[in-house]
K.L.:
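A single structure is presented below for examination.
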Amino acid sequence: MNYEQARAYAVNVSRSGSILGLDSIENLMHELGDIQERLKIIHIAGTNGKGSTGAYLERVLIEARYRVGRYSSPAVFDPMEVWRINLQSMSHEEYADIMEQVKCACDRMVEKGMEHPTIFEVETAMAFLYFYQKKCDYVLLEVGMGGRTDATNLIKKPVCSVITSVSMDHMQFLGNTLTEIAQAKAGIVKKDCPVVTILQKAEAMVAIEAEAEKQHARLYTADVSKVTVETETLKEIRFDHPGLGTVKTRLTGTYQVENCCLAITVLKEILGIADRIIIDGIKNTVWPGRFEVIGEQPLFIIDGAHNEDAALQLSASVEKYFTNIPITYIIGVLADKEHKKVLEAMLPYAGATFTVTPDNPRAMKAEELASEAEAIVARLWKERAGKPEKVQGTENSPQGAGGMEPLPKVSACSSMKEAVQLALEHTKKDGVILAFGSLSYLKEIRQIMQSD
């Protein structure tokens with residue numbers, strides 16, 4: 001196999017969709033010698049914050065001179081970044097080689113009368129095989145969805161299990177209550193293996209505590225309430241940690257202190273990494289696509305907030321950093337996400353909104369998203385104006401009695417380039433543009449900005 005053949009095979013496998021459960025991945029890994037059991041794995045689940053928490057762990061462990069493999073999805077800027085060793089993405093040659101080995105194992109399964117593994121199972125098997133062959137000291141293994149029935153959960157003895165912020169997402173697969181979703185996430189907790197989590201909402205915390213007790217797993221809780229934020233800007237957050245002293249992180253956004261404290265607890269309490277190495281590693285951590293500034297004048301930020309909890313966290317950052325500044329939004333979402341709740345959280349700060357259709361089979365059409373946004377903007381406008389009558393208007397709506405502001409502009413765009421151009425034209429030099437929603441389109445937004 002060459003790279004193009006390997007990618008074509010992956011595309012063909014992906015057409016079969018996804019199936020929750022561990023039977024297929026267990027059979028596949030058995031064909032590959034069950035090498036996952038010979039890896040030192042830190043297993044990471046949660047709704048939001050998996051990527052940032054993993055980034056902190058990755059950088060600190062590298063600073064401690066370990067060889068660190070990391071498996072996380074979806075890719076944001078390059079398909080190969082799903083598999084990384086010491087921050088370097090898998091090469092095309094390595095991808096073709098590993099894929100060929102996994103394909104042969106899949107073929108043997110089919111010959112024995114078993115179902116062909118799904119694309120996530122194939123890619124998870126690739127991760128185990130790649131990190132084993134490259135002799136990684138630690139592997140940061142990120143759950144794809146849920147936990148209990150996720151393909152990554154075939155591992156039996158992780159170094160520790162890590163559970164980031166749990167909130168409502170993937171309800172069609174994980175359950176309709178926070179308790180059910182937390183129970184699914186807590187499924188990664190293993191017998192006699194430590195588990196680390198943040199201080200969750202009450203229902204989620206109860207579910208995680210119950211699973212830890214059931215598995216006789218020692219539970220460590222990172223309590224961010226014991227941390228004092230000293231300074232917070234768009235470029236850096238500096239906070240006082242009770243176990244470390246002053247910590248600086250370049251990952252900004254109000255939620256990052258929580259993710260950072262979770263990683264610190266893993267590094268100090270489970271792995272025993274020296275304080276100075278933790279502080280230096282956190283200071284040097286970067287994680288693209290999360291409240292990342294990609295342009296100046298106007299300020300241009302991209303963020304992967306795609307569900308209600310992430311949108312609420314992002315709106316808190318907007319309110320903190322850009323008080324009373326109308327924001328120009330570019331928004332693209334997947335149809336199976338809680339897009340209305342995301343819009344409800346973010347649109348109160350909108351000066352204008354341009355919707356796009358991400359390049360994803362699950363994408364919501366820009367026109368449909370714009371229609372939803374227009375309805376919410378109109379309602380918010382009425383509430384602010386205190387007027388009971390029906391509101392209609394566009395960017396050019398005349399001001400009403402008392403000098404009421406015109407209804408903020410909402411437009412569906414036919415391409416990412418059009419959305420960026422219109423946003424830049426609409427926004428003053430001292431203004432702010434924020435592109436958020438599905439991670440799947442942020443790569444194109446960044447490429448457009450870099451080419452201008």
K.L.:
Looking at Lys268 and Asp275, is there a salt bridge between them, counting it only when a charged N and a carboxylate O are closer than 4.0 Å?
P.N.:
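The answer is yes: the pair qualifies as a salt bridge.
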K.L.:
Step through the shown structure and confirm whether more than 12 heavy atoms of other residues, nucleotides or ligands are within 6.0 Å of OH on Tyr66.
P.N.:
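Atom OH in Tyr66 is not packed in, count stays at 12 or less.
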K.L.:
Can you tell me how far apart OH (Tyr95) and CE (Met80) are? Round to the nearest 0.5 Å.
P.N.:
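Tyr95 atom OH to Met80 atom CE measures 5.0 Å (nearest 0.5 Å).
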K.L.:
Output yes when Arg59 and Glu63 qualify as a salt bridge under the 4.0 Å nitrogen-oxygen rule, no when they do not.
P.N.:
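Judged by the 4.0 Å cut-off on N to carboxylate O distance, Arg59 and Glu63 do form a salt bridge.
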K.L.:
Angle between ring planes, Tyr321 versus Phe291, binned at 30° and 60°: parallel, tilted or perpendicular?
P.N.:
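Plane angle between 30° and 60°, so tilted.
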K.L.:
Determine, step by step, whether Gln36 and Thr124 satisfy the side-chain contact (heavy atoms from CB on, under 4.5 Å) criterion, reporting the C-alpha distance in whole Å, the side-chain angles of both residues, the deciding distance to 0.1 Å, and the verdict.
P.N.:
CA-CA 10 Å; Gln36 75 280 1; Thr124 299; over 6 Å; no
K.L.:
So for atom CG, which belongs to Asp359, do other residues, nucleotides or ligands contribute more than 12 heavy atoms lying within a distance under 6.0 Å?
P.N.:
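Counting neighbours around CG of Asp359, 12 or fewer heavy atoms of other residues, nucleotides or ligands fall under 6.0 Å, so no.
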K.L.:
Checking Gln215 now: which residues fulfil side-chain hydrogen bond (donor to acceptor under 3.5 Å, both in side chains) with it, not counting sequence neighbours?
P.N.:
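By the side-chain hydrogen bond (donor to acceptor under 3.5 Å, both in side chains) rule, Gln215 matches Glu211.
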K.L.:
Taking NZ, NE, NH1 and NH2 as the nitrogens, is one of them in Lys112 or Glu31 under 4.0 Å from a carboxylate oxygen of the other?
P.N.:
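Yes.
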K.L.:
Can you sort out the partners of Asp23 under side-chain hydrogen bond (donor to acceptor under 3.5 Å, both in side chains), two or more places apart, ordered by chain and number?
P.N.:
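Asp23 satisfies side-chain hydrogen bond (donor to acceptor under 3.5 Å, both in side chains) with no residue once adjacent residues are dropped.
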K.L.:
Side chain to side chain contact (heavy atoms under 4.5 Å, CB included) with Ile264: which of Ile278, Val227, Val60?
P.N.:
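Among the candidates, only Ile278 passes.
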K.L.:
Hey, which of Gln200, Lys185, Glu203 is the one that makes side chain to side chain contact (heavy atoms under 4.5 Å, CB included) with Ile208?
P.N.:
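Answer to the side chain to side chain contact (heavy atoms under 4.5 Å, CB included) test with Ile208 among Gln200, Lys185, Glu203: Gln200.
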K.L.:
Once you round to the nearest 0.5 Å, how far does CG of Leu271 lie from SG of Cys160?
P.N.:
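Reported to 0.5 Å precision, the distance equals 6.0 Å.
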K.L.:
Can you list everything that forms a ring pair (Phe, Tyr, Trp, His ring centres under 6.0 Å) with Phe436? Sequence neighbours excluded, please.
P.N.:
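Scan of Phe436 (ring pair (Phe, Tyr, Trp, His ring centres under 6.0 Å), adjacent residues dropped) gives Tyr329.
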K.L.:
If you apply the rule side-chain contact (heavy atoms from CB on, under 4.5 Å), what do you find for Lys134 with Glu94, and how did you get there?
P.N.:
CA-CA 11 Å; Lys134 295 295 182 179; Glu94 289 170 330; 3.3 Å; yes
K.L.:
Kindly indicate whether the side chain of Asn48, heavy atoms from C-beta on, has any atom under 4.5 Å from the side chain of Ser167.
P.N.:
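A side-chain contact exists here, since the closest heavy-atom pair is under 4.5 Å.
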K.L.:
Do other residues, nucleotides or ligands put more than 12 heavy atoms under 6.0 Å from the CD atom of Glu367?
P.N.:
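Counting other residues, nucleotides and ligands, CD of Glu367 exceeds 12 neighbours.
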